[in-house]
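Report on the structure given below.
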Number of protein chains: 2
Amino acid sequence: MASEPRAASAPKDRTTFREVMAEIRHRITEGSWGPGTLLPAEVALAREFGCTRTTINRALREISDLGILDRRRKAGTRVRLAPRREARFEMPIVRAEIEKAGATYSYTRLSHDILTAPDWLCERLRLPDDAQVVHLICLHRANGAPFQLEDRWINLAALPEAGAEAFVLVGPNEWLVATVPYSEVEISFQAEAADALAAAHLGHPSGAPVFVAERTTWWKGAPITHVRLCYRPGHRMTTHY
Amino acid sequence: MASEPRAASAPKDRTTFREVMAEIRHRITEGSWGPGTLLPAEVALAREFGCTRTTINRALREISDLGILDRRRKAGTRVRLAPRREARFEMPIVRAEIEKAGATYSYTRLSHDILTAPDWLCERLRLPDDAQVVHLICLHRANGAPFQLEDRWINLAALPEAGAEAFVLVGPNEWLVATVPYSEVEISFQAEAADALAAAHLGHPSGAPVFVAERTTWWKGAPITHVRLCYRPGHRMTTHY
DNA sequence: CAGTGGTCTAGACCACAAC
DNA sequence: TTGTGGTCTAGACCACTGG
């Protein structure tokens, strides 16, 4: 029965990469490794922490991914002079966003047309002049109150199934996510003055500031859809980093 | 001399985790592994790809980090029904943002005061009623044209050095990044109507929509600074994912 | 050219959770 | 209970790049 690999009082005491991460981040934030500091090489850290280089490598790589360290072969690992900072925003479908806030979601299709794409849309999606598109205007509500106005265009050449959908019960957002889940997206945020539509449906005074998101989606290089989302007055996008 | 580990014609042909990643992502986006599909276990994939489980693990972990796969012990690895999507915005200092666009950056301090924090600020930063703060208003220009108006508050109790700084040549943003590089940040974006100050300095008509970012920063749990950034008309934040 | 990180292998133990 | 992913080890070769 001499099969115990460790002392009986220490069931497991190997150094984990999370411990290494925590310790190194601590040294950085508390100032002992200030901006610009050259860290010991991986082999040296492995010796200090009593683990393999693999573990140190994993820890340093993850810290580097956070934008705190700068790693280069031969040059070594340095604390960045200024951290590379990025804000990350979850982009859920509207329904999930509303339900996560504890409100009841409801959806209304306001209009639905199939027509030839207007010039500005052809330009943005690089469509031929005579491209046929679905145009939808929908309203998403939280607890009955207008939350987001959706102005959606779908390229029928790339997604002919969209022509058969009425989008009365299920919104185009959810339908698209289920139909074309792994697409490429470009998104932009801006402040705009409320147009007549937004004023009428979101309760903005006409000309009032509206938070607007515009999203264009491609799949396998083909343009799928373009959407303009106007949020209700007072909407904020918040995150921390 | 029988020390050759590989055939002479193949200098290196080990499977890399990037190759595995690419192939698996391909199978997902091209539809052969649709949403909800249960992937083979790591050992099976290792056999298929002719590499170790470690390599497969790395590949799957990175794809999972992208929000495409869902991994659980015993349950296995599945293609998410809807991808977890997040938009990432780089948050550089204004000067870098302007210079990256190829424009010339310039900075003006418009006002500088040391005073007792107003109530709303005490509430937001959880400061005592009599807290002393630095209040700055600054303008950042691109090629001479107003780009961003900065309305900054700094907590002197947490950062007494700020009291000795005039912020005439170097903006508070850059000074803070150099002084307190690794802090925690909460940021929010919204659309607001231009107030008198924004109208005067950014060329907005009064009441016009302005894109506003608000950022609050802590260091070791102590509130450091709060800033409100108003952008020039037409500003957009764009990214893709 | 030589030091540093990047990555792979082969094997092992373990934690978790579905069954 | 047992299959699955999570992680560590010990060692190796290699690619990049700074000096």
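Residue numbers start from 1 in every chain, and the chains themselves are labelled A, B, ... in the order their sequence lines are given, proteins ahead of strands.
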Nucleotide by nucleotide, nucleotides 5-11 of chain D touches protein heavy atoms under 4.0 Å in the pattern (B base, S sugar-phosphate only, - none) BBBSBBB
Atom [atom1] of [X] to atom [atom2] of [N]: distance rounded to whole Å?
X: A:Leu45; N: C:dG3; atom1: CG; atom2: C1'; answer: 15 Å
X: A:Arg78; N: D:dG18; atom1: CZ; atom2: P; answer: 11 Å
X: A:Asp70; N: C:dG5; atom1: CG; atom2: P; answer: 12 Å

Sorted by chain and number, sequence neighbours left out, ring pair (Phe, Tyr, Trp, His ring centres under 6.0 Å) with A:Phe49 holds for none
What residues, two or more places apart in sequence or in another chain, satisfy ring pair (Phe, Tyr, Trp, His ring centres under 6.0 Å) together with A:His235?
A:Phe147, A:Phe211, A:Tyr231
Per the salt bridge (Lys or Arg N to Asp or Glu O under 4.0 Å) rule, what does the pair list look like for residues 26-40 of chain A, sequence neighbours excluded?
A:Glu23-A:Arg27, A:Arg27-A:Glu48, A:Glu30-B:Lys220
Test salt bridge (charged side-chain N to carboxylate O under 4.0 Å, His left out) applied to B:Glu42 - qualifying residues, sequence neighbours left out
B:Arg53, B:Arg71
Contacts of A:Glu174 meeting side chain to side chain donor-acceptor pair (under 3.5 Å) (sequence neighbours excluded), chain-then-number -> A:Arg95
